[in-house]
Amino acid sequence: QVQLVESGGGLVQAGGSLRLSCAASGSFFGVNAMGWHRQAPGKQRELVATIISGGSTNYADSVKGRFTISRDNAKNTAYLQMNSLKPEDTGVYYCNADVHIRAGYLEVWGQGTLVTVSS
């Protein structure tokens, strides 16, 4: 069984910063792409940022220049550094990962961590 555990959410004022972490645990051979998504109240879940094992990254236009995704392959952990936060960044942030298991690749999701940005 593979699990993703997120941490680092909370309440912050506009202009502030937060750092989210996502750690993969369980039985697997490796982790390929990892990503962060978010879901604001009443809206659909949207992609925030992704990073592959080689380090290439991709960002939603709304967070470019403010958010940075990174990973520690030795720890099977991804991070999302969020700076210059805006109220519209409020939502539940979910981590996902493509995990290499015996049967192939499995997409796994975390339980989500709430980020609230006050104006």
Side-chain angles (χ1 to χ4, degrees):
Q1 186 176 1
V2 182
Q3 287 185 320
L4 296 180
V5 179
E6 299 125 329
S7 61
L11 173 64
V12 64
Q13 288 188 331
S17 299
L18 283 174
R19 187 189 193 214
L20 307 182
S21 298
C22 169
S25 63
S27 180
F28 52 89
F29 298 119
V31 181
N32 190 12
M34 300 186 78
W36 290 95
H37 295 67
R38 68 186 179 190
Q39 187 165 17
K43 295 187 177 181
Q44 289 188 327
R45 190 175 299 187
E46 62 176 356
L47 174 69
V48 175
T50 60
I51 184 168
I52 64 173
S53 57
S56 294
T57 58
N58 183 53
Y59 296 92
D61 288 342
S62 59
V63 306
K64 283 181 181 177
R66 301 187 298 121
F67 290 11
T68 302
I69 188 170
S70 61
R71 64 189 288 168
D72 183 334
N73 290 331
K75 296 181 179 180
N76 295 308
T77 299
Y79 306 95
L80 186 68
Q81 178 66 44
M82 305 185 294
N83 299 328
S84 302
L85 282 161
K86 304 175 181 180
E88 51 263 43
D89 294 317
T90 293
V92 179
Y93 283 68
Y94 298 91
C95 174
N96 80 317
D98 291 328
V99 180
H100 186 195
I101 60 174
R102 186 178 299 277
Y105 278 91
L106 177 69
E107 184 180 31
V108 183
W109 287 84
Q111 81 287 352
T113 185
L114 178 62
V115 171
T116 303
V117 184
S118 63
S119 57

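Below, all heavy atoms of this structure are taken into account, side chains as well, without hydrogens, waters or symmetry copies.
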Trainee: Got a sec, which pairs hit disulfide bond (SG atoms under 2.5 Å apart) with one end in residues 32-79, sequence neighbours left out?
Mentor: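 Checked against disulfide bond (SG atoms under 2.5 Å apart) - neighbours excluded - no pair reaches residues 32-79.
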Trainee: With disulfide bond (SG atoms under 2.5 Å apart) as the rule and sequence neighbours excluded, what pairs involving residues 35-85 come up?
Mentor: none
Trainee: Going by side-chain heavy atoms closer than 4.5 Å, which hydrophobic residues are tied to L114, directly or by a chain of links?
Mentor: V92, Y94, W109
Trainee: Side-chain atoms of residues 1-12: list all donor-acceptor pairs with protein atoms under 3.5 Å, sequence neighbours left out, distances to 0.1 Å.
Mentor:
residue : atom : partner : partner atom : Å
E6      : OE1  : Q111    : N            : 3.0
E6      : OE1  : Q111    : NE2          : 3.4
E6      : OE1  : G112    : N            : 2.6
E6      : OE2  : C95     : N            : 2.6
E6      : OE2  : G112    : N            : 3.4

Trainee: For residues 51-61, which side-chain donor-acceptor pairs fall under 3.5 Å, sequence neighbours excluded?
Mentor:
residue : atom : partner : partner atom : Å
Y59     : OH   : I69     : N            : 2.9
D61     : OD1  : K64     : NZ           : 3.1

Trainee: Ignoring hydrogens and angles, write down the donor-acceptor pairs under 3.5 Å from the side chains of residues 23-37, residues two or more places apart or on other chains.
Mentor:
none

Trainee: Which pairs would a plain distance check flag for residues 101-108, meaning a side-chain donor or acceptor within less than 3.5 Å of a matching protein atom at least two apart in sequence or in another chain?
Mentor:
residue : atom : partner : partner atom : Å
E107    : OE2  : N96     : ND2          : 2.9

Trainee: Apply side-chain hydrogen bond (donor to acceptor under 3.5 Å, both in side chains) to R66 and list each qualifying residue two or more places apart in sequence or on a separate chain.
Mentor: D89
Trainee: Show me the side-chain donor-acceptor pairs of residues 77-86 shorter than 3.5 Å, one per line, residues at least two apart or across chains.
Mentor:
residue : atom : partner : partner atom : Å
T77     : OG1  : K75     : O            : 2.9
Q81     : NE2  : N83     : OD1          : 2.9
N83     : OD1  : S17     : OG           : 2.9

Trainee: Checking D98 now: which residues fulfil salt bridge (Lys or Arg N to Asp or Glu O under 4.0 Å) with it, not counting sequence neighbours?
Mentor: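 Per chain and number, D98 pairs via salt bridge (Lys or Arg N to Asp or Glu O under 4.0 Å) with no residue.
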Trainee: Could you list the residues that satisfy side-chain contact (heavy atoms from CB on, under 4.5 Å) with A14, not counting sequence neighbours?
Mentor: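 A14 satisfies side-chain contact (heavy atoms from CB on, under 4.5 Å) with P87, V117 only.
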Trainee: With sequence neighbours excluded, what pairs up with Q39 under the side-chain hydrogen bond (donor to acceptor under 3.5 Å, both in side chains) test?
Mentor: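 Q39: no side-chain hydrogen bond (donor to acceptor under 3.5 Å, both in side chains) contacts found.
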